[in-house]
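A short write-up of the structure that comes next.
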Amino acid sequence: MSDVLNRDPGCLFCKITAGEIPSSKVYEDELCYAFYDIDPQAPTHFLVIPKEHIPSVAGVTAGNSAVVGHIFEVIAQVTRELGLDSYRVVSNIGEQAGQSVPHLHFHVLAGRDMTWPPG
Ligand code: 5GP
Ligand code: ZN
């Protein structure tokens, strides 16, 4: 993995990881950042994102996929620390699936009954 992170200066979530836009931090390390969603869809709703700008799951490659495994380790750790034993992890890809911010992110939702399939 490169030491110099690829960032997009016009990207909302790149601005959040850079601290240019305030957010409510859940967890941070050198590779990823987790913060509460501004418009929560469940009693607990946070997002976990790579610090590197990757547009979505569709932009994951052999060269950048290590961060995705790392993010899932972080999700397992942070949810354990928050005492969450049931939760949903969601990533929307593209407009039809409901992606509104083109920077890879995993929603972590918990604290209420959930329906399947998702709408
Ligand atoms: P998507 O719709 O792309 O799957 O998810 C984007 C998420 O980012 C949405 O749930 C939305 O509420 C959240 N979001 C958008 N802008 C901001 C922001 O400025 N701060 C935070 N904390 N969340 C945001
Ligand atoms: Zn970005």
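Position 1 is the first residue of the sequence; numbering continues from there. Just so you know, ligand 1 is whichever comes first in the structure, and atom 1 is the first atom listed for that ligand.
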Geometry at the Zn ion (ligand 2) - H53 ND1 versus C11 SG angle, rounded to 10 degrees: 110°

Within reach of ligand 1, part of F106 (heavy-atom separation under 4.0 Å): neither

Is there side-chain contact between V57 and V68, with heavy atoms separated by less than 4.5 Å? no

Within less than 4.0 angstrom of ligand 1, does G98 place any heavy atom? yes

Quick one: do F13 and F35 satisfy ring pair (Phe, Tyr, Trp, His ring centres under 6.0 Å)? Show the steps, please. CA-CA 10 Å; F13 285 178; F35 58 106; 5.4 Å; yes

Can you pull out the closest protein heavy atom to atom 3 (O) of ligand 1? Residue, atom name and distance to 0.1 Å, please. S100 N, 2.7 Å

Please tell me whether I49 and V74 are part of a single hydrophobic cluster in this structure, the criterion being side-chain heavy atoms less than 4.5 Å apart. no

the protein heavy atom lying closest to atom 22 (N) of ligand 1 turns out to be Y36 O, 2.9 Å

Just do the ring pair (Phe, Tyr, Trp, His ring centres under 6.0 Å) check on F72 and F106 with the steps written out, would you? CA-CA 9 Å; F72 276 83; F106 295 91; 5.2 Å; yes

Measure the OG1-CZ distance between T44 and R112 for me, rounded to the nearest 0.5 Å. 11.0 Å

In terms of hydrophobic clusters joined by side-chain contacts under 4.5 Å, are Y36 and V90 together? no

Working to the nearest 0.5 angstrom, can you tell me the gap between L47 CG and C32 SG? 12.0 Å

Say whether N92, considering both its backbone and side-chain N or O atoms, lies within less than 3.5 Å of an N or O atom on ligand 1. yes

Whether H107 and H45 hold their rings parallel, tilted or perpendicular, with breakpoints at 30° and 60°: tilted

Verify the cluster assignment for V101 and V108: are they in a single hydrophobic cluster under the rule of side-chain heavy atoms below 4.5 Å apart? no

Measure the distance from atom 14 (N) of ligand 1 to every protein heavy atom, then report the residue, atom name and distance (to 0.1 Å) of the closest one. I38 CG2, 3.8 Å

Under 4.0 Å, heavy atoms only, figure out whether ligand 1 is touched by the backbone of H107, its side chain, both or neither. side chain

For atom 8 (O) of ligand 1, the protein heavy atom that lies nearest, with its residue and separation: F13 CZ, 3.4 Å

Can you tell me which residue and heavy atom of the protein come closest to atom 16 (N) of ligand 1, and the distance to 0.1 Å? L12 CD2, 3.4 Å

Does H105 have a heavy atom less than 4.0 Å from any atom of ligand 1? yes

Decide whether the shortest distance between a heavy atom of L47 and an atom of ligand 1 is less than 4.0 Å. yes

Does D37 come within less than 4.0 angstrom of ligand 1, counting non-hydrogen atoms of the residue? yes

Hey, which N, O or S atom on H103 ends up closest to the Zn ion (ligand 2)? ND1

Please indicate whether any nitrogen or oxygen in V101 is less than 3.5 Å from any nitrogen or oxygen in ligand 1. yes

